[in-house]
Enquirer: 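This is the structure I want to talk about, given as structure tokens.
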There are 2 protein chains.
Amino acid sequence: MIIQIEPESDIPIYQQITNQIIVGIARGSIQQGESLPSVRTFAADLGINMHTVNKSYHQLEKKGMIRIVPKSGAVISSPQDFNESSLERLKDDYQLLIAESLVVGMSNEQIKELVSSIIMNFKKLNN
Amino acid sequence: MIIQIEPESDIPIYQQITNQIIVGIARGSIQQGESLPSVRTFAADLGINMHTVNKSYHQLEKKGMIRIVPKSGAVISSPQDFNESSLERLKDDYQLLIAESLVVGMSNEQIKELVSSIIMNFKKLNN
């Protein structure tokens, strides 16, 4: 698993870690059921504060992406670990993102094409 | 414009305001070019802290959804106010959301159907 921090980015570092872990799982470069490094190791490897890694792990746990298991640490969830409320939350997120897209002037077709092309990209990486 | 705050929600109040304003613009219940109420009025109407409204307005400004104009206050942006960087940010948001959807076990078809049905809903509201 390779996490690349962009210190100059507008996106806070804990959010960058969260995002890259989620995209990594979707791409198959991080396996479901696998354990993430301990907060201490992760922070040392990236040369960042343990607090920052902790914040990302908490965010991933809240989203249901990882479970904190005694002795195993932060374990990446599998699809069967998610429930209806994860799906409901995602629906709200899509509604908001599509609203934003319409506000900035994207057409319905542009939104659908963008979604299809991103899905296609993940598909390629998983084959 | 009707904003409904859910105090029991996991979503912070400033984020609820931001989200509802964005969805309101996409639905056409808030017009582009229109001014939002002053922070003071908005806070008094909702019975919340001015700081909370301020935080939401700042977030909307950062997303480019409103512009702070002297004397007119917070003016809702029009599509021509957005630039390439807004589109780039949205692409990143779609990538992350689609990654999350794949991780929770949604199929490509389910994602596309969800996106289509949300778009269809906004379309109905705008006709």
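Every chain is numbered from 1, with letters handed out A, B, ... down the list of sequences.
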Enquirer: Less than 4.5 Å to any heavy atom of chain B: does that hold for the side chain of A:I98, its backbone, both, or neither?
Expert: both
Enquirer: Say you draw a straight line from CD of A:Q95 to OG of B:S117; how long is it, rounded to the nearest 0.5 Å?
Expert: 9.5 Å
Enquirer: Could you report the tightest heavy-atom contact between A:P79 and B:G105, atom names first, then the distance?
Expert: CB-CA, 4.0 Å
Enquirer: Restricting to pairs with a member in residues 5-17 of chain A, which pass salt bridge (charged side-chain N to carboxylate O under 4.0 Å, His left out), not counting sequence neighbours?
Expert: none
Enquirer: Sort by residue number and list every residue of residues 63-77 of chain A having at least one heavy atom under 4.5 Å from chain B.
Expert: A:K63, A:M65
Enquirer: Grab the two heavy atoms, one from B:N19 and one from A:L96, that are nearest each other, plus how far apart they are.
Expert: OD1-CD2, 3.2 Å
Enquirer: Step through the shown structure and confirm whether more than 12 heavy atoms of other residues, nucleotides or ligands are within 6.0 Å of CD on A:Q80.
Expert: yes
Enquirer: With rounding to the nearest 0.5 angstrom, report the CG to CG distance, A:L97 to B:L97.
Expert: 6.0 Å
Enquirer: If you group Ile, Leu, Val, Met, Phe, Trp and Tyr by side-chain heavy-atom gaps below 4.5 Å, do B:I5 and B:V23 land in one group?
Expert: yes
Enquirer: Considering non-hydrogen atoms only, spot the tightest contact between B:V103 and A:I22 and give its length.
Expert: CG2-O, 3.9 Å
Enquirer: When heavy-atom pairs shorter than 4.5 Å are enumerated against chain B, which of A:N83, A:V104, A:L87 gives the highest number?
Expert: A:V104
Enquirer: Answer with side chain, backbone, both or neither: which region of A:M106 has an atom nearer than 4.5 Å to a non-hydrogen atom of chain B?
Expert: side chain
Enquirer: Heavy-atom cut-off 4.5 Å, strictly under: side chain, backbone, both or neither for B:S116 against chain A?
Expert: both
Enquirer: Calculate, to the nearest 0.5 Å, the distance between atoms CG and CZ belonging to A:L102 and B:R27 respectively.
Expert: 11.5 Å
Enquirer: Could you grab the distance from atom CD1 of A:I11 to atom CG of B:D92, nearest 0.5 Å is fine?
Expert: 6.0 Å
Enquirer: Identify the heavy atoms of A:L90 and B:E100 that sit nearest to each other, and give their distance.
Expert: CD2-OE1, 3.7 Å
Enquirer: Are there residues of residues 30-60 of chain A that reach to under 4.5 Å of chain B by heavy atoms, and which ones?
Expert: A:Q32
Enquirer: May I ask whether B:I3 and B:Y14 are part of the same hydrophobic cluster, defined by side-chain heavy atoms of I, L, V, M, F, W, Y residues being less than 4.5 angstrom apart, directly or through others?
Expert: no
Enquirer: With sequence neighbours excluded, what pairs up with B:Y94 under the ring-ring contact (aromatic ring centres under 6.0 Å, His included) test?
Expert: none
